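Just below is one structure, and these are the notes that go with it.
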Amino acid sequence: MGYDISEIVKHFDIDGEYIYSESYGCGHINDTYAVYFKRNDKPPVRYIVQRINTEIFNEEKLMHNIVLVTDFLKERIAAEGGDPFKNTLTILKTKDGKSFYKTSEGSCFRVYLFIEDTVTYQSASTKVVLENAGKAFGHFQKQLADFDASKLYEVIKDFHNTKKRFEDLLKSIEKDSENRAKSAQKEIEFALKRENYCDEIISKLGSNDIPLRVTHNDTKLNNILMDPITGEGICIIDLDTVMPGSLLYDFGDSNRFGANTALEDETDLSKVSFSIDMFTAYTKGFLSEVSDTITECEASLLPFSCILMTFEVGIRFLTDYLEGDTYFKVTHPLHNLERAKNQFKLVEDIEFKLDEMKNIVSNLRG
Ligand code: ADP
Ligand code: GN1
Ligand code: MG
């Protein structure tokens with residue numbers, strides 16, 4: 001890995017003596033470790049150490065955003081009677097007071113308090129979990145509703161600009177730098193037939209119909225730490241992409257992941273389908289938090305947002321496959337293509353169920 005975690009942590013203001021570290025979690029972007037420390041007269045403790053993916057993020061801008069957002073959330077959480085050290089991330093500073101440490105080779109690391117006694121789910125779980133996930137992401141948006149968005153950097157430009165994502169796909173097909181397009185012909189055709197989806201939300205973003213809000217933008221189920229017994233959301237994590245965006249992005253992305261009856265990279269496509277039960281549960285939880293602020297237009301597009309976000313990630317996986325796997329972590333050469341096939345199977349299933357989903361949203365809104 002080219003760096004030594006026991007050396008890295010010496011630069012942070014951590015109470016205790018380093019014992020060991022292990023790779024942790026299933027994220028596609030950063031390198032995450034659980035790092036264990038022993039302490040005098042106190043039980044041992046672990047922290048989350050992450051190597052920030054600086055291919056994707058500018059570390060200064062990224063950490064500027066996360067400091068502001070977590071400081072803001074801590075005040076909100078305290079005012080709501082919650083625990084500011086459990087219900088949002090806590091950054092441990094370096095010995096010279098910075099929010100991250102940069103090695104002489106340019107690798108950047110940050111340390112968070114480890115939030116104990118929680119679990120994350122990697123795929124559709126139970127209706128209770130999904131309803132609580134919907135509540136947690138809905139509540140997160142509510143907490144940030146009056147956060148001044150102009151203070152945030154757009155850390156990844158055009159992150160959910162599906163039109164731009166589609167143009168990137170077209171360029172990668174044209175270039176075919178890895179000579180992989182032949183092996184993805186069916187998926188390319190699938191994507192090309194659906195270009196009309198790309199404009200739907202972005203063309204209205206910023207209007208009264210689809211207002212710009214401060215959103216999470218990466219609302220996978222494994223970005224919420226949940227209570228293993230009650231299933232309640234404890235802490236929304238992975239704040240790297242908190243930026244101005246649409247409520248629809250967060251809603252659609254959560255369902256893309258949480259209502260898939262299979263893992264995101266399941267290769268047996270017969271297992272991949274969109275669970276109406278999970279969608280209903282998530283929608284119920286989400287609407288219970290945002291019903292006062294959601295616009296008619298947003299509400300009407302909730303079902304479609306599940307198609308759009310699934311399609312968008314599908315074309316991102318496909319583009320990354322065609323470009324030689326430079327963005328998402330992969331474990332084998334076909335991994336991104338398999339993920340794209342999986343997401344496209346899900347798109348088809350959501351297309352089929354769209355009317356049913358619209359009825360569900362109408363009924364839940366009463
Ligand atoms: P990535 O951006 O690569 O997805 P995440 O920030 O989501 O990285 O972290 C990866 C995984 O590490 C999470 O899914 C979660 O299981 C775990 N994790 C991250 N931060 C914490 C934390 N503060 N406490 C406990 N677990 C955490
Ligand atoms: C990445 O960081 P992680 O694994 O939670 C990606 C998301 C994708 C997701 C697909 C910054 O999320 O946009 O939807 O993979 N995050 C970034 O699983 O690109
Ligand atoms: Mg994550």
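Because the structure is predicted, anything quoted here is derived from the model rather than measured. Remember, it's 1-based here, ligands and their atoms both numbered in the order they're listed.
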Charged N to carboxylate O below 4.0 Å: is that the case for [X] and [Y]?
X	Y	result
Arg365	Glu296	yes
Lys329	Asp31	yes
Glu17	Arg39	no
Lys353	Asp349	yes
Arg51	Glu59	no
Glu298	Arg213	yes
Asp71	Lys74	no

Under 4.0 Å, heavy-atom basis, I'd like to know which part of [X] is in contact with ligand 2: side chain, backbone, both or neither.
X	answer
Asp238	side chain
Asp240	neither
Ile56	neither

- Query: Under a heavy-atom criterion of less than 4.0 Å, does Gln50 contact ligand 1?
  - Reply: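 It does; at least one heavy atom falls under 4.0 Å.
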- Among the heavy atoms of Leu113, does any lie under 4.0 Å from an atom of ligand 1?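 A heavy atom of Leu113 does come that close to ligand 1.
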- Protein N/O/S atoms closer than 2.8 Å to the Mg ion (ligand 3):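 Asn223 OD1, Asp238 OD2, with waters left out.
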Under 4.0 Å from any heavy atom of [X], which atoms of ligand 1 are there?
X	answer
Tyr24	12 (O), 17 (C)
Leu89	23 (N)
Asn223	7 (O)
Thr32	8 (O), 9 (O), 10 (C), 12 (O)
Phe114	24 (N), 25 (C)

- Message: For Val155 and Asn58: C-alpha separation, side-chain torsions, deciding distance, then whether side-chain contact (heavy atoms from CB on, under 4.5 Å) applies.
- Response: CA-CA 7 Å; Val155 278; Asn58 169 299; over 6 Å; no
What about [X] and [Y], are their ring centers closer than 6.0 Å?
X	Y	value
Phe114	Tyr47	no
Phe317	Phe328	yes
Phe109	Tyr3	yes
Phe147	Phe72	yes
Tyr197	Phe304	yes
Tyr36	Tyr18	no

- Could a heavy atom of Arg316 be found less than 4.0 Å from some atom of ligand 2?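 The answer is yes: ligand 2 sits under 4.0 Å from a heavy atom of Arg316.
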- Item | side-chain contact (heavy atoms from CB on, under 4.5 Å) partner of Leu354, chosen from Glu351, Glu356, Lys358 |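 Of Glu351, Glu356, Lys358, side-chain contact (heavy atoms from CB on, under 4.5 Å) with Leu354 is met by Lys358 alone.
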- Query: Of Leu318, Leu334, Asn336, Asp325, which is the lone residue that meets side-chain contact (heavy atoms from CB on, under 4.5 Å) with Arg180?
  - Reply: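 Passing option: Asp325.
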- Of the backbone atoms (N, CA, C, O) and the side-chain heavy atoms from C-beta on, which set of Asn53 has a member under 4.0 Å from an atom of ligand 1: side chain, backbone, both, or neither?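 The answer is neither; Asn53 stays 4.0 Å or more away.
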- Query: Counting heavy atoms only, which part of Thr118 comes closer than 4.0 Å to ligand 1: side chain, backbone, both or neither?
  - Reply: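 The answer is neither.
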Relative to [atom], which among [options] owns the nearest non-hydrogen atom?
atom	options	value
atom 21 (C) of ligand 1	Ile48, Val111, Leu239	Ile48
atom 19 (O) of ligand 2	Tyr249, Phe257, Tyr327	Tyr327
atom 14 (O) of ligand 2	Arg256, Lys220, His28	Arg256

What is the nearest protein non-hydrogen atom to [atom], stated with its residue, atom name and distance?
atom	result
atom 1 (C) of ligand 2	Ile29 CG1, 3.8 Å
atom 7 (C) of ligand 2	Asp218 OD1, 3.5 Å
atom 3 (O) of ligand 1	Asn30 N, 2.9 Å
atom 1 (P) of ligand 1	Asp238 OD2, 3.5 Å
atom 24 (N) of ligand 1	Ile115 N, 2.9 Å
atom 15 (C) of ligand 1	Ile237 CD1, 3.6 Å
atom 14 (O) of ligand 1	Asn222 O, 2.9 Å
atom 11 (C) of ligand 1	Gly25 CA, 3.9 Å

- Message: Using salt bridge (charged side-chain N to carboxylate O under 4.0 Å, His left out), reason through Asp15 and Lys42 one step at a time and then give a plain yes or no.
- Response: CA-CA 10 Å; Asp15 167 29; Lys42 280 189 263 175; 3.1 Å; yes
Atom indices of ligand 2 within 4.0 angstrom of [X] heavy atoms, with elements:
X	result
Gly27	4 (O)
Asn223	5 (O)
Thr241	11 (C)
Val313	14 (O)

- How long is the gap from CG on Asp227 to CD1 on Ile224, to the nearest 0.5 Å?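 Rounded to the nearest 0.5 Å, the CG-CD1 separation comes to 12.5 Å.
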- Query: Are Asp4 and Ser6 close enough that a side-chain donor and a side-chain acceptor fall under 3.5 Å?
  - Reply: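 Result is yes, a qualifying pair exists.
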- Donor on one side chain, acceptor on other, Glu312 and Thr162, under 3.5 Å: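 Yes, a side-chain donor-acceptor pair sits under 3.5 Å.
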- Query: Counting both backbone and side chain atoms, is some N or O of Arg110 under 3.5 Å from an N or O of ligand 1?
  - Reply: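 No - when backbone and side-chain N and O of Arg110 are compared with those of ligand 1, no distance drops under 3.5 Å.
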- Query: Judging by distance only, is a nitrogen or oxygen of Glu264 under 3.5 angstrom from one on ligand 2?
  - Reply: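 Yes, since at least one N or O of Glu264 sits under 3.5 Å from an N or O of ligand 2.
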- Task: May I ask you to check whether over 12 heavy atoms, not counting those of Asp96, lie within 6.0 Å of atom CG?
- Result: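 Check passes, neighbour count above 12.
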